[in-house]
Asks: 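Next up is a structure, given as structure tokens.
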Amino acid sequence: MTVATSIEGYRALLDSVFDDEIRAWTEEAEQSERFPRKLLERLGERGVLAEKWGDGKQPDLAKLFELAFALGRLGSAGISVGVSLHDSAISILRRFGGRSETLRTVADQAIRGEAVLCLAASESSGGSDLQIVETVVRTEGDGYRVTGRKKFVSLSPIADYILVVARDVEQDEVSRHGNVVLILVPTAQVDIQPPYNKVSAGPLDTAAVEIDTVVPADHLIARAGTGLAAVSWGLAHERLSIAGQVAASCDQVLGITVARMQERSQFGKTLFEHQALRLRVADLQSRVDMLRHALTGIAVGGKLDLRTAAAMKVSAARLGEEVIGECMHIFGGSGFLTDETPLARWWRDMKLARVGGGTDEVLWELVAASLKPDVEGYRRFSGTIS
């Protein structure tokens with residue numbers, strides 16, 4: 001039985017864990033462009049994930065956001081997204097893997113930092129459309145044969161297990177639509193390609209994975225009919241984490257920019273004394289504050305909701321891109337000198353937020369699907385509309 005700490009206690013735990021050593025690991029990872037597995041091991045050893053998950057199938061949302069804020073303050077999308085991907089895979093196993101002793105054991109190992117998890121969803125064929133995946137699952141002996149190629153599998157070079165999104169061809173031999181399943185595959189049984197060279201998020205090891213292997217029947221996480229629900233649950237967890245990371249990153253870059261504005265002078269005044277610049281930053285900070293307060297409100301509600309997660313992630317990502325762009329503009333030429341400031345790196349990293357975990361358009365569609373028309377309200381005045 002896990003004894004949950006208060007949110008204040010969890011913040012204190014995070015403050016003690018995210019120390020100078022982890023910040024040094026982060027900078028080393030930015031240089032090497034390789035994810036430090038020891039970071040996930042440290043989070044597990046110190047109980048950061050165990051305190052967040054407790055004994056339930058759902059995370060403590062307040063602690064989810066506190067962890068996201070701590071990750072965002074590291075200033076590395078590769079590191080923060082990598083941790084949230086591992087944690088989102090845990091969320092799937094916690095919610096949908098309860099009937100299998102193997103899946104429960106893997107989830108516990110991941111929470112303790114003894115195993116690293118990743119999710120293989122995207123393929124060249126479908127991108128964000130998970131209903132047309134070409135990776136297939138079919139019965140073989142007492143287990144399942146999994147065959148396919150996943151193009152973007154972040155953390156795969158250091159992972160122990162991959163949660164693979166596939167389709168059950170025995171349920172639907174012809175159509176590529178529907179019948180999505182989710183199955184656990186050990187990385188020792190697949191062929192992981194060399195990591196890609198990416199525009200940003202260098203430490204987030206991302207590679208293609210070739211799969212042609214057989215796994216036991218108890219590795220099936222979600223069968224046809226529930227596969228998409230399982231993946232969507234994990235993605236909702238990831239999207240809320242990304243929103244929290246963006247909020248903390250924006251707070252940090254705005255604080256640094258205000259300090260720059262107070263020290264840098266132009267035309268006989270500090271940049272902060274120029275009203276246009278000062279009010280521009282005030283507007284951005286106000287909206288970042290609203291984002292953080294919205295996340296706090298979600299945490300109080302205590303419900304991990306798919307629509308809300310989509311709305312928060314897409315809104316946060318677009319705000320984050322605007323914030324870092326404006327801050328780079330205020331820094332002027334210095335912001336473009338990578339040896340002087342990290343702004344260029346943060347600018348490139350922030351772009352990932354609008355792609356990873358679902359593009360803007362995909363998330364807006366999720367929000368649109370749940371919109372509710374006010375039919376009665378419309379009818380009250382519709383007669384006056386030509």
Asks: Has D349 got a side-chain atom pairing as donor or acceptor with A77's backbone, closer than 3.5 angstrom?
Replies: yes
Asks: Do H237 and S91 meet the criterion of a side-chain donor-acceptor pair at a distance under 3.5 Å?
Replies: no
Asks: Hey, does the side chain of S232 reach the backbone of A229 with a donor-acceptor pair shorter than 3.5 angstrom?
Replies: no
Asks: Would you compute the distance between atom NE2 of H329 and atom CD1 of I324 and round it to the nearest 0.5 angstrom?
Replies: 13.5 Å
Asks: Report, as yes or no, whether the 6.0 Å neighbourhood of atom CG on D374 holds more than 12 heavy atoms from other residues, nucleotides or ligands.
Replies: yes
Asks: Given 3.5 Å as the limit, does a donor-acceptor pair link the side chain of S370 with the main chain of V367, or not?
Replies: yes
Asks: Just by distance, do the side chain of H86 and the backbone of A110 share a donor-acceptor pair under 3.5 Å?
Replies: yes
Asks: Would W53 and D87 count as having a side-chain donor-acceptor pair, cut-off 3.5 Å?
Replies: yes
Asks: With side chains defined as the heavy atoms from C-beta onward, is the minimum distance between F152 and Y196 less than 4.5 Å?
Replies: yes
Asks: Tell me, do R104 and L93 make a side-chain contact under 4.5 Å, heavy atoms counted?
Replies: no
Asks: What do you reckon, is CD of E361 surrounded by more than 12 foreign heavy atoms closer than 6.0 Å?
Replies: yes
Asks: According to side-chain hydrogen bond (donor to acceptor under 3.5 Å, both in side chains), does anything in residues 197-207 pair up with another residue at least two apart or in another chain? List the pairs.
Replies: S154-T206
Asks: Decide whether a cation-pi geometry holds between R42 and F18; the criteria are a distance under 6.0 Å from NZ or CZ to the six-membered ring centre and an angle within 45° of the ring axis.
Replies: no
Asks: For residues M350 and L343: do they belong to one hydrophobic cluster (side chain heavy atoms under 4.5 Å, members Ile, Leu, Val, Met, Phe, Trp, Tyr)?
Replies: yes
Asks: Is there side-chain contact between L117 and D160, with heavy atoms separated by less than 4.5 Å?
Replies: no
Asks: Side chains of T213 and Q189: is there a donor and an acceptor less than 3.5 Å apart?
Replies: yes
Asks: Do side-chain atoms of R73 reach the backbone of S249 as a donor and acceptor pair under 3.5 angstrom?
Replies: no
Asks: Please check: side-chain N/O of R167 versus main-chain N/O of V133, any donor-acceptor pairing under 3.5 Å?
Replies: yes
Asks: Does the pair R23/E27 count as a salt bridge with the N-to-O cut at 4.0 Å?
Replies: no
Asks: Would you say S76 and R345 are linked by a side-chain donor-acceptor pair, where the criterion is simply a distance under 3.5 Å?
Replies: no
Asks: How about F272 and V281: do any of their side-chain heavy atoms sit closer than 4.5 Å?
Replies: no
Asks: Do other residues, nucleotides or ligands put more than 12 heavy atoms under 6.0 Å from E365 CD?
Replies: no
Asks: Cluster question for you: counting only ILVMFWY and a side-chain heavy-atom cut-off of under 4.5 Å, with indirect links fine, are I22 and L155 together?
Replies: yes
Asks: Given side-chain contact (heavy atoms from CB on, under 4.5 Å), test V116 with R37 step by step and report yes or no.
Replies: CA-CA 8 Å; V116 175; R37 181 185 172 113; 3.7 Å; yes
Asks: With no hydrogens and no angle check, is any side-chain donor or acceptor of S88 less than 3.5 Å from a backbone partner on E238?
Replies: yes
Asks: H274 vs F267 aromatic rings, parallel, tilted or perpendicular, using cut-offs 30° and 60°?
Replies: perpendicular
Asks: Give a yes or no on whether a salt bridge exists between D251 and R292, defined as a side-chain N under 4.0 angstrom from a carboxylate O.
Replies: yes
Asks: Please check if any side-chain donor atom of D283 sits under 3.5 Å from a side-chain acceptor atom of Q285, or the reverse.
Replies: no
Asks: Should we count CZ of R223 as having more than 12 external heavy atoms under 6.0 Å?
Replies: no
Asks: In sequence, state the C-alpha distance, the side-chain angles, and the governing distance for R354 and D360, and then conclude on salt bridge (Lys or Arg N to Asp or Glu O under 4.0 Å).
Replies: CA-CA 6 Å; R354 291 187 58 194; D360 295 356; 2.6 Å; yes
Asks: Does V48 form a side-chain contact (heavy atoms from CB on, under 4.5 Å) with L14? I'd like the steps, not just the answer.
Replies: CA-CA 7 Å; V48 168; L14 292 173; 3.8 Å; yes
Asks: If you measure from CD1 on I330 to CE on M261, what distance do you get to the nearest 0.5 Å?
Replies: 5.0 Å
Asks: If you apply the rule salt bridge (Lys or Arg N to Asp or Glu O under 4.0 Å), what do you find for E376 with R379, and how did you get there?
Replies: CA-CA 5 Å; E376 292 302 318; R379 286 175 177 169; 3.6 Å; yes
Asks: Assess the residue pair E321 and K351 against the criterion (salt bridge (Lys or Arg N to Asp or Glu O under 4.0 Å)); give the C-alpha distance rounded to whole Å, side-chain angles, the decisive distance to 0.1 Å, and a yes or no.
Replies: CA-CA 6 Å; E321 194 172 44; K351 180 61 181 175; 3.7 Å; yes
Asks: Return yes if some donor-acceptor pair links the side-chain N/O of S156 with the main-chain N/O of V153 below 3.5 Å, else return no.
Replies: yes
Asks: Check whether any side-chain heavy atom of K63 sits under 4.5 Å from a side-chain heavy atom of T5, and report yes or no.
Replies: yes
Asks: Determine, step by step, whether K150 and E123 satisfy the salt bridge (Lys or Arg N to Asp or Glu O under 4.0 Å) criterion, reporting the C-alpha distance in whole Å, the side-chain angles of both residues, the deciding distance to 0.1 Å, and the verdict.
Replies: CA-CA 5 Å; K150 294 296 186 179; E123 301 177 357; 2.8 Å; yes
Asks: So, do S241 and F65 sit near enough that their side-chain heavy atoms are less than 4.5 Å apart?
Replies: no
Asks: Donor-acceptor check, side chain of R145 to backbone of R138, threshold 3.5 angstrom: yes or no?
Replies: no
Asks: Under 3.5 Å, is there a donor on one side chain and an acceptor on the other for Q245 and S80?
Replies: yes
Asks: Taking atom types as modelled, find out whether T270 and E273 have a side-chain donor-acceptor pair closer than 3.5 angstrom.
Replies: yes
Asks: I'd like to know if the side chain of E170 reaches the main chain of T139, judged simply by a donor and an acceptor atom lying under 3.5 Å from each other, with no hydrogens or angles considered.
Replies: yes
Asks: When rounded to the nearest 0.5 angstrom, what is the spacing between CZ in F96 and CD1 in I221?
Replies: 10.0 Å
Asks: Do L103 and L182 sit in one hydrophobic cluster, given that two such residues count as connected whenever their side-chain heavy atoms are within less than 4.5 Å of each other, even indirectly?
Replies: yes
Asks: According to salt bridge (charged side-chain N to carboxylate O under 4.0 Å, His left out), does anything in residues 322-342 pair up with another residue at least two apart or in another chain? List the pairs.
Replies: R280-E326, R287-E322
Asks: State, yes or no, whether a side-chain contact exists between L184 and V215 at a heavy-atom distance under 4.5 Å.
Replies: no
Asks: State yes or no: do V214 and V164 share one hydrophobic cluster built from I, L, V, M, F, W and Y residues joined by side-chain heavy-atom distances below 4.5 Å, directly or via other members?
Replies: no
Asks: Within the structure provided, determine whether L240 and K313 are in side-chain contact (heavy-atom separation under 4.5 Å).
Replies: no
Asks: Would you say L235 ends up clustered with Y161 if hydrophobic residues are merged whenever their side chains have heavy atoms under 4.5 Å apart, either directly or through other cluster members?
Replies: yes
